[in-house]
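What follows is a set of notes on a single structure, which appears directly below.
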Amino acid sequence: QSSPPSCTTPKRGIMSRQLLRALCVLLSLLFCVDAFSPPSSTRAHTSTLPTSGSFHRADQCVIIGRHPSLPPTSGTSTALSMANNFDLSRPTFDLFTLRNIRGDALLQYNTLNQSEPLRINLYLLLTFTLLALPSLSEAVLGDNLSLPGTAASVLGSVGSFALFFRECGRRNKQLGRIEKEMNAEFLPVRLPNNRFAERPYGPPVQLKQLRGKKRIIALCGDKDQLKAALMEVRVFRNRLYQAAAIVIPVPTDGSSASDWGVSREEIASAQFLGEADNVQAWVQYFNELSQDDQVERKLVWFGLNNNGRSFASGSGEPPRLVEVLGQNLRPVEILLEADEAVKMTTEDDAVLSVQKKFYSALTTGDREAMASVFTKDQATEVSEVTGSGGRIDNWDACLEDGARPEDMQISGSDALIVSPEVAYSTAVEFPPNAGIDSATLLAVQRWRKEGDEWKLSLHQTIPWSPDSKAGGTLLCSCNGCVALTRGKDKRTSGGIVG
């Protein structure tokens, strides 16, 4: 009597196909989760200054290392301690990045990214599962996996490991940024006093004590680098005050404000320039950031917002403040048309007088008066745009009825005489239909001395209001105006702070 035919082989084939389907479904699910979930701790970062999508070419950026510690300062401690003296900042080894991380940085990151460890573990589990699939098929089902199935499992394991590696890299990068921001919060600074105080600066405070009160731009370099960088800062000194921002120069050669061309009266009047306390700690922090072993050191800078988060940073070139103001250092209060002009020297009157003439020609459409205000040479900034194929609208078109801002008002004008031949002025513009909720404009003019008269070389405006970021800028020269719009923001954590 013959035995019934065996059904083992068909069942094994069915189970093998079901196992492959299950793994394919799991792999597809993980890819879908990755595709529709945002990257870890991503945020819009304005980087050029250093940034992609800026109004001009991006500054050169460097990627920097981790700052391990800061020298202790009097009355301060770099440890965040609880009431029971438990040190939250004590380094903790992180298995995903394979390095020690500040405990408080790791705690903050894990709080904001609770699903990330699960995603990383799933990618790693899938990697090993797919690699072991041929062996599992033979051990569990008693049947060797087919060649296409083996190839699919190997390719799937490579893809899942790539996703695992990418997530770990993102985690490491974000943790590095948080660590650098936390290390910076213990740096001490002195804030400027008003003009009636006996001393120019107050007692030292840590940067973390300024959260919610001040925004920070810190610049580190030698005397010549700081003098060049602070020239533009001085142009916008009153706008920085309106934006509750403090600029902190950190000299590497022992230079001081007088060496940078900044007087005590100017500091007290605008209250825009802080003083780094314990300069050695600041220099050590910047050295760790840049990791610059070259003989010729570059200017390094970073900016912190009200929450102590880095909004921009760079190396080599100073920040373009007009762009930083439009994006990250917007005014903290509503600007008023009644703000009076600020005059610090008698020469300021001459510059502000020509500024009034320019705005009179602009609002009335006086072409001859406009031509008499400008120099005969086109500004370099405008030439770069037109040379790249940008469109320029001549003054005849800009001053036509309906095109010019007839009823525009300005307020808070100020001027800075940089040299006997060059001066700058700024003002806040109120377009005709600008109400309380509408955007005001920040304008800056560059002047050049021709004979005994100041002539306008460049006029630039950018939207500047408490509630909206600048989306473009307008550049005007002797032959007309060009408009630049900001490109799409890149979702990144780039910059030298991270």
Side-chain angles (χ1 to χ4, degrees), residues 41 43 45-46 64-92 100-112 174-193 201-220 240-241 243-250 271-289 300-313 319 324 328-330 332 493 495-498:
S41 295
R43 59 192 175 93
H45 182 84
T46 304
I64 55 174
R66 172 176 173 267
H67 177 62
S69 62
L70 289 172
T73 59
S74 59
T76 63
S77 172
T78 57
L80 294 175
S81 301
M82 298 176 65
N84 60 355
N85 293 326
F86 180 73
D87 187 5
L88 290 177
S89 64
R90 184 176 59 186
T92 302
N100 287 327
I101 305 292
R102 278 183 56 148
D104 48 358
L106 193 59
L107 177 63
Q108 176 181 327
Y109 183 82
N110 288 336
T111 302
L112 298 174
Q174 296 296 333
L175 282 169
R177 174 186 60 78
I178 295 175
E179 280 190 302
K180 293 162 191 174
E181 291 172 350
M182 286 186 169
N183 288 332
E185 68 182 4
F186 300 107
L187 294 169
V189 62
R190 295 177 183 268
L191 300 182
N193 289 325
Y201 294 101
V205 295
Q206 292 180 337
L207 292 186
K208 68 176 181 179
Q209 296 175 263
L210 301 179
R211 287 184 179 177
K213 302 175 183 178
K214 295 290 184 182
R215 297 141 168 182
I216 303 297
I217 294 181
L219 309 161
C220 184
L240 291 169
Y241 178 77
I246 291 292
V247 178
I248 306 171
V250 181
Q271 300 182 36
F272 70 103
L273 200 67
E275 182 182 63
D277 192 62
N278 193 351
V279 176
Q280 181 182 359
W282 281 89
V283 173
Q284 179 183 345
Y285 179 78
F286 273 104
N287 286 341
E288 292 292 338
L289 290 185
V300 183
W301 65 274
F302 67 84
L304 302 177
N305 62 17
N306 274 330
N307 297 322
R309 301 285 299 273
S310 170
F311 63 77
S313 51
V324 175
N328 306 105
L329 300 181
R330 302 185 301 278
V332 295
S493 54
I496 75 165
V497 172

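The first residue in the sequence is number 1, and the count goes up from there.
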For this session: Please report the closest heavy-atom contact between Ala184 and Leu207, naming both atoms and the distance.
Result: O-CD1, 3.2 Å
Exercise. What is the distance from atom CG of Leu329 to atom CD1 of Ile216, rounded to the nearest 0.5 Å?
Worked result: 10.0 Å
Exercise. Measuring from Leu304:CG to Arg211:CZ, what's the distance to the nearest 0.5 Å?
Worked result: 9.0 Å
Exercise. Are the side chain of Trp282 and the backbone of Pro188 linked by a donor-acceptor contact shorter than 3.5 Å?
Worked result: yes
For this session: Using modelled atom types only, decide if a donor and an acceptor are shared between the side chain of Arg215 and the backbone of Arg330 within a distance under 3.5 Å.
Result: yes
Exercise. Is Cys220 close to Asn287 at the side-chain level, that is, under 4.5 Å between some pair of heavy atoms?
Worked result: no
For this session: Would you please classify the geometry between the Phe302 ring and the Tyr285 ring as parallel, tilted or perpendicular, with 30° and 60° separating the classes?
Result: perpendicular
Exercise. Backbone N or O of Arg309 within a donor-acceptor pair of the Asn307 side chain at under 3.5 Å?
Worked result: no
Exercise. How long is the gap from CG on Asn193 to CD on Gln271, to the nearest 0.5 Å?
Worked result: 8.0 Å
For this session: Could you check Leu210 against Val189 for side-chain contact (heavy atoms from CB on, under 4.5 Å), going step by step and ending with a plain yes or no?
Result: CA-CA 10 Å; Leu210 301 179; Val189 62; 4.0 Å; yes
Exercise. Taking everything shown except Tyr241 itself, do over 12 heavy atoms lie less than 6.0 Å from its OH?
Worked result: no
For this session: Taking all heavy atoms of Pro249 and all of Gly274, pick out the closest pair and write down the distance.
Result: CD-O, 3.4 Å
Problem set entry | For the student: nearest non-hydrogen atoms of Pro319 and Leu219, plus distance | CD-CD2, 3.9 Å
Problem set entry | Distance-minimising heavy-atom pair for Gly103 and Thr92 | CA-OG1, 4.0 Å
Problem set entry | Heavy-atom pair with the smallest gap, counting every atom of Val250 and Phe286 | CG2-CE1, 3.9 Å
For this session: State the CD1-CD1 distance between Ile248 and Ile217, to the nearest 0.5 angstrom.
Result: 10.0 Å
For this session: Apply the test side-chain contact (heavy atoms from CB on, under 4.5 Å) to residues Leu273 and Val247: give CA-CA distance (whole Å), side-chain angles for both, the deciding distance (0.1 Å), then the verdict.
Result: CA-CA 5 Å; Leu273 200 67; Val247 178; 4.2 Å; yes
Seminar exercise, completed: CG of Leu106 to CZ of Arg90, rounded to nearest 0.5 Å, is 12.5 Å
Problem set entry | Side-chain heavy-atom pair Asn328, Asn305 within 4.5 angstrom cut-off | no
Seminar exercise, completed: Residues at least two apart in sequence or cross-chain that pass side-chain hydrogen bond (donor to acceptor under 3.5 Å, both in side chains) with Asn306, listed by chain then number, are none
Exercise. What residues, two or more places apart in sequence or in another chain, satisfy side-chain hydrogen bond (donor to acceptor under 3.5 Å, both in side chains) together with Arg190?
Worked result: Asp277
Problem set entry | Shortest non-hydrogen contact between Gln206 and Glu185, atoms and distance | CB-O, 3.6 Å
